[in-house]
Amino acid sequence: MSSKFPLVTLLGPTAVGKTTFAVQLALELDAEIISADSRQVFRGMDIGTGKDISDYKITNHVISSHLIDIAEPGTEYNVFQFQQDFQVARDLIISKGKSPLMCGGTGLYLESVLLGYNLVDVPVNEVLRQQLSELANDELIKRISSYRPLHNTTDILDRERLIRAIEIELYKQQNNHQQLAIDFVHTPVLGIRFDRKTVRERITTRLRQRLNEGMIEEVQHLLDQGISKEQLMFYGLEYKYLTLYLSGEISYNEMFRLLNTAIHQFAKRQMTWFRRMENKGIKIFWLEGEVGPELNHAKALNYLKSFQTFSGK
RNA sequence: GGUGUCGUAGCUCAGUUGGUAGAGCAACGGACUGAAAAUCCGUGUGUCACUGGUUCAAUUCCAGUCGACACCA
């Protein structure tokens with residue numbers, strides 16, 4: 001395929017084979033992959049996040065990937081940073097004359113790019129932080145609620161985050177910044193999905209494999225590195241339940257059962273997010289996983305071809 | 001073979017002194033622009049094992065059948 005898209009996206013819930021599919025597609029499109037995965041950004045979190053470098057090798061090529069292993073485990077990463085990093089990665093890929101292929105399952109991150117969220121780079125305001133630090137939590141909550149509706153309790157659980165949220169909102173109000181915010185609504189978006197029941201089976205099978213392939217040791221290693229239990233728990237899923245298991249709070253069987261269910265529920269939430277994206281006007285070309293990768297690959301290429309014709313490029 | 005207990009939602013079980021039934025988990029739907037694999041909200045999905053009987057009315061009482069478990073042989 002010769003002419004280039006400003007962006008091609010491949011999304012889907014966990015355990016549908018996105019990476020392998022993306023790598024094959026990247027080879028065809030002469031593309032490099034930008035990962036949109038909120039957990040694969042962390043170094044040392046490999047098996048638990050399904051990060052497998054060997055996946056990027058195909059025949060005798062290695063497909064370049066971006067936004068993987070770019071943050072220290074134990075630190076935080078967020079949409080704003082993702083959007084920034086995405087821009088840099090995309091510019092780099094284009095400057096090499098290649099195509100950017102965004103691939104991942106983190107709905108918020110995908111949407112922030114596709115809908116062009118206007119996220120402003122808000123500097124630290126020490127004076128404000130000093131003032132706010134003297135207020136009671138109730139006061140802080142009242143302040144942030146007066147600026148914007150609360151999304152959920154994540155907004156108000158943590159004092160530090162509460163103060164940061166006020167800092168951001170105040171800055172936006174006072175500075176009237178219209179950030180770059182390019183949207184990619186009219187670029188092709190491919191999705192892979194399976195029947196819900198099949199996804200569950202795939203998740204369970206994969207979980208068994210990962211447990212046998214050193215996932216427990218991986219989490220133990222992170223704990224040994226000094227990453228706090230709380231932080232690991234907040235990363236969720238594998239990191240949460242394996243931490244509970246390793247600290248003796250739940251048995252192996254409980255861990256398996258709870259984690260398995262949690263991943264099933266996660267896949268469902270991912271699908272909910274994709275439906276929301278469709279409702280917001282993002283057209284997703286769904287490839288049914290049951291059909292098999294070969295046929296889906298052909299379908300995907302066809303769709304991209306028709307997309308070009310349609311948009312007159 | 002005999003005696004007893006039990007059979008209610010996908011699972012574990014409540015319950016109805018007779019007026020067609022809930023809880024937890026699962027499942028399903030949704031919200032979510034600075035932690036998003038997080039966080040939060042909503043929804044009961046059912047031949048009350050089966051067949052008869054009593055009754056205005058049976059998931060509930062009675063009898064039988066089937067199944068599970070326990071004990072006795």
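Letters go in sequence order (proteins before strands), and every chain restarts at 1.
OP1 or OP2 of B:C40 has not a single side-chain nitrogen or oxygen of A:R269 nearer than 4.0 Å. Not one side-chain nitrogen or oxygen of A:Y239 sits closer than 4.0 Å to the OP1 or OP2 atom of B:A37. Put simply, A:Q81 has no side-chain N or O that comes within less than 4.0 Å of OP1 or OP2 on B:G34. Put simply, A:Q83 has no side-chain N or O that comes within less than 4.0 Å of OP1 or OP2 on B:U33. Dashed line: the shortest gap from a side-chain N or O of A:R276 to OP1 or OP2 of B:C32 is under 4.0 Å. Look at A:K268 and you won't find any side-chain N or O under 4.0 angstrom from OP1 or OP2 of B:A27. In this structure, A:S112 does not reach the B:U33 phosphate: none of its side-chain N or O atoms is under 4.0 Å from OP1 or OP2.
Note on residues 24-57 of chain A: pairs passing ring-ring contact (aromatic ring centres under 6.0 Å, His included), not counting sequence neighbours, are A:F42-A:Y235. Identified under the side-chain hydrogen bond (donor to acceptor under 3.5 Å, both in side chains) test for residues 101-111 of chain A, with sequence neighbours left out: A:E111-A:Y117, A:E111-A:W273, A:E111-A:R276. Residue pairs meeting the ring-ring contact (aromatic ring centres under 6.0 Å, His included) criterion with at least one member in residues 201-233 of chain A: none, sequence neighbours excluded.
Spacing between atom CD of A:Q270 and atom C1' of B:G30 amounts to 16 Å, rounded to whole angstrom units. Atom CZ in A:F234 sits roughly 5 Å away from atom C1' in B:A38 (whole-Å rounding). Here the P atom of nucleotide B:C40 and the CH2 atom of A:W273 are 16 Å apart, to the nearest Å. Atom C1' of nucleotide B:G34 and atom CD1 of A:I166 are separated by 14 Å, given to the nearest angstrom.
For the side-chain hydrogen bond (donor to acceptor under 3.5 Å, both in side chains) test, residues two or more places apart in sequence or in another chain that qualify with A:Y77 are A:D85. In this structure A:Y303 satisfies the ring pair (Phe, Tyr, Trp, His ring centres under 6.0 Å) test together with A:F285, A:F307, sequence neighbours excluded. Residues satisfying the side-chain hydrogen bond (donor to acceptor under 3.5 Å, both in side chains) test with A:N279, not counting sequence neighbours, are none.
Comparing B:U47 with B:G42, their P atoms are spaced 27 Å from each other, to the whole Å. For the P atoms, the distance linking B:C71 with B:G24 amounts to 35 Å, nearest Å. Rounded to whole Å, the separation between the C1' atoms of B:A63 and B:U55 comes to 16 Å. Taking the P atoms as reference points, B:C50 lies 38 Å from B:C41, given to the whole Å. When the P atom is compared between B:U43 and B:U3, the two are found 49 Å apart, to the nearest whole Å. Straight-line distance between the P atoms of B:C11 and B:A49: roughly 14 Å, to the nearest whole Å. Look at the P atom in both B:A57 and B:G18: the space between them is 15 Å, to the nearest Å.
Considering only heavy atoms from C-beta on, A:I284 stays 4.5 Å or farther from A:L190 through its side chain. Side-chain atoms of A:Y239 and A:L222, non-hydrogen and from C-beta on, do get closer than 4.5 Å to each other. A:L10 has its side chain out of reach of A:M102: every pair of non-hydrogen atoms, C-beta onward, lies at least 4.5 Å apart.
A:T106 comes within 4.0 angstrom of sugar-phosphate atoms only, judged by non-hydrogen atoms across all strands, and of no base. Across all strands shown, A:F82 has no heavy atoms under 4.0 Å from either base or sugar-phosphate atoms.
To the nearest 0.5 angstrom, A:L92 atom CG is 5.5 Å from A:H66 atom NE2. To the nearest 0.5 Å, the span separating CD1 on A:I33 from OG on A:S64 amounts to 9.0 Å.
For the contact set between residues 196-222 of chain A and RNA chain B, defined by any heavy atom under 4.0 Å, the members are A:R196, A:R200. RNA chain B lies under 4.0 Å from at least one heavy atom of each of the following residues of residues 38-53 of chain A: A:S38, A:R39, A:G48, A:T49. Of the residues in residues 122-138 of chain A, those with a non-hydrogen atom less than 4.0 angstrom from any atom of RNA chain B are A:V122.
No continuous path of hydrophobic side-chain contacts links A:V291 to A:L304 [ILVMFWY only; heavy atoms under 4.5 Å]. If you chain together hydrophobic residues whose side chains sit under 4.5 Å apart, A:L27 and A:L7 fall into the same group.
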Would you tabulate the pairs of protein nitrogen or oxygen atoms and nucleotide nitrogen or oxygen atoms of nucleotides 41-43 of chain B closer than 3.5 angstrom?
none

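In this structure, the side chain of A:R39 does not engage the main chain of A:D46 through any donor-acceptor pair within 3.5 Å.
Other cluster members for A:V127: none, since no ILVMFWY side-chain heavy atom sits under 4.5 Å from it.
Under 3.5 Å, the side chains of A:T204 and A:N260 contain a donor-acceptor pair of N or O atoms. No hydrogens or angles considered: nothing links the side chains of A:S251 and A:N253 as a donor-acceptor pair under 3.5 Å.
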> So what's the dot-bracket for RNA chain B: Watson-Crick or G-U pairs under 3.5 Å, [ ] if a pair crosses, | if it pairs off-strand?
Replying inline: (((((((..((((.....[..)))).(((((.......))))).....(((((..]....)))))))))))).

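At a threshold of 4.0 Å, the pair A:R210-A:E213 does not count as salt-bridged, since none of the basic side-chain nitrogens sits closer than that to a carboxylate oxygen.
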